[in-house]
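Sharing a structure here in structure tokens format.
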Amino acid sequence: MVDRLVRDGVLRTPRVIEAMRAMPRHLFVPRPLRESAYYDTPLTIGSGQTISAPHMVGMMLEYLELREGHSVLEIGGGSGYHAALVARVVGPQGRVFALERIASLAMKAQGRLQRLGLEQRVEVLVRDGSQGYPEKAPFDRIFVTSGAPEIPPPLIRDLREGGKLLVPVGARSFQDLILGKKVEGELETESLGGVVFVPLVGKHGFE
Ligand code: SAH
């Protein structure tokens, strides 16, 4: 699967490629779906939610331009797969905070991260990520893995000057992937094209 993503030009950065190769995606999906874990497709993870397709996860990892030691916030922790990959790329000095509104998913994600020895680097918290995480702000990178109706203003607040924000913005059923950079307190944005994520639910999300 990873060879193919490299061949297709999705994965380019050595640290990202290494992380994708090392991460056992089958441990992040429900047992009956394990055989499908290395197909490039989203899979259901329960509670009506999905783990994104590997090419989407890889694309987002590349767009984020992660560096060792970065502090990163994820909104929509889900299975914990994306957060685990980010943790590997930012290394032992880096930190990942994954906010997930569904407690049962967050608990399972935390268990997997523990088993993989990543619990020192990733913290999974049950809360509405659309309201950001001011207690641990500012973050070098923030990424949202659910579709938002607008860029949640608290996420711009919680982003470090010069930091990057990646967020799908649009309708409930399809969105534009927006890459933002915080410059002098304002977000400069560009659109990276159409994507499909489950909806962001919460104060700055859908009802
Ligand atoms: N990145 C995940 C998949 C995310 S699926 C992975 O690697 O597996 C999107 C997740 O966003 C779902 O689990 C959903 O419950 C969560 N979500 C939706 N709205 C949210 C909010 N306001 N705060 C936190 N999590 C939210």
Side-chain angles (χ1 to χ4, degrees), residues 1-2 5 10-29 37-38 43 45 49-146 154-155 157-167 179 182:
M1 180 186 86
V2 175
L5 294 175
V10 173
L11 302 178
R12 292 180 302 270
T13 310
R15 284 185 76 82
V16 171
I17 297 169
E18 182 274 333
M20 291 282 293
R21 276 200 211 289
M23 198 56 64
R25 189 171 184 253
H26 64 277
L27 299 184
F28 290 85
V29 302
Y38 299 98
L43 294 168
I45 53 171
Q49 308 303 322
T50 52
I51 179 173
S52 307
H55 74 268
M56 183 52 58
V57 175
M59 258 175 60
M60 290 177 77
L61 290 171
E62 292 285 357
Y63 279 129
L64 282 171
E65 300 188 316
L66 299 161
R67 299 286 174 263
E68 282 185 74
H70 268 171
S71 173
V72 184
L73 178 67
E74 177 183 22
I75 315 302
S79 70
Y81 177 67
H82 210 148
L85 285 161
V86 171
R88 240 191 121 93
V89 178
V90 298
Q93 304 308 320
R95 286 290 170 274
V96 184
F97 302 91
L99 309 186
E100 171 53 55
R101 58 179 282 275
I102 301 176
S104 60
L105 293 179
M107 266 178 55
K108 278 187 239 168
Q110 189 75 69
R112 295 179 182 117
L113 293 161
Q114 237 154 38
R115 259 169 274 138
L116 292 167
L118 290 170
E119 75 276 12
Q120 303 293 327
R121 295 188 216 170
V122 191
E123 215 176 296
V124 184
L125 294 112
V126 181
R127 54 191 279 167
D128 174 11
S130 79
Q131 299 186 56
Y133 192 20
E135 295 91 326
K136 299 283 180 179
F139 301 96
D140 299 296
R141 300 289 186 264
I142 299 179
F143 68 107
V144 184
T145 52
S146 47
L155 301 187
R157 175 198 66 201
D158 290 351
L159 189 63
R160 188 187 300 284
E161 178 66 22
K164 291 190 174 174
L165 168 65
L166 197 52
V167 50
L179 178 63
K182 191 168 174 177

Where do Met20 and Leu5 come nearest, in terms of heavy atoms and distance? CE-CD1, 3.8 Å

Scanning both residues in full, the closest heavy-atom pair of Gly132 with Pro134 reads C-CD, 3.7 Å

Any side-chain heavy-atom pair of Met23 and Leu116 under 4.5 Å: yes

Spacing of CZ belonging to Arg141 relative to CG belonging to Leu61, to within rounding of 0.5 Å: 12.0 Å

Can you check whether Glu74 reaches Thr145 side chain to side chain, under 4.5 Å on heavy atoms? yes

How far does NE2 of His70 sit from CD of Glu68, to the nearest 0.5 angstrom? 10.5 Å

What's the verdict on side chain to side chain contact (heavy atoms under 4.5 Å, CB included) for Gln49 and Ile102, showing C-alpha distance, side-chain angles and the deciding distance? CA-CA 10 Å; Gln49 308 303 322; Ile102 301 176; 3.9 Å; yes

Can you measure from CG (Leu155) to CG (Leu166) and round to the nearest 0.5 angstrom? 11.5 Å

Kindly give the heavy-atom pair with the smallest separation between Gly78 and Ala109, and that separation in Å. O-CB, 3.6 Å

Any side-chain heavy atom of Lys108 sitting closer than 4.5 Å to one from Ser79? no

As an exercise, state the distance from CD1 of Ile75 to CD1 of Ile142, rounded to the nearest 0.5 Å. 6.5 Å

Under 3.5 Å donor-acceptor, Tyr81 side chain and Ser52 backbone: no

Indicate yes or no: at least one non-hydrogen side-chain atom of Arg67 is less than 4.5 angstrom from one of Asp140. no

Let's go through Arg121 and Val90 carefully: what are the C-alpha distance in whole Å and the side-chain angles of both, what is the deciding distance for side chain to side chain contact (heavy atoms under 4.5 Å, CB included) to 0.1 Å, and is it a yes or a no? CA-CA 9 Å; Arg121 295 188 216 170; Val90 298; 5.5 Å; no

Check: Arg12 side chain, Glu62 main-chain N or O, donor-acceptor pair, under 3.5 Å: no

Which atom of Leu179 lies closest to which atom of Tyr63, heavy atoms considered: CD1-O, 4.2 Å

Closest non-hydrogen atom pair, Ala98 against Gly77: CB-CA, 4.1 Å

CG of Leu113 to CD of Gln120, rounded to nearest 0.5 Å, is 11.5 Å

Leu118 versus Ala87, closest heavy-atom pair with distance: CD2-CB, 4.4 Å

Hey, does Arg101 have a side-chain heavy atom less than 4.5 Å from the side chain of Asp128? no

One should read off an interatomic distance between Glu100 CD and Met107 CE, to the nearest 0.5 angstrom, of 13.0 Å

Kindly assign one of parallel, tilted or perpendicular to the pair Tyr133 and Phe97, based on the angle between their ring planes and the thresholds 30° and 60°. perpendicular

Using side chain to side chain contact (heavy atoms under 4.5 Å, CB included), reason through Val86 and Phe143 one step at a time and then give a plain yes or no. CA-CA 10 Å; Val86 171; Phe143 68 107; 3.8 Å; yes

Heavy-atom donor-acceptor pair, Arg25 side chain to Tyr38 backbone, under 3.5 Å: no

Is it the case that atom CD in Glu135 sees more than 12 heavy atoms from other parts of the structure closer than 6.0 Å? yes

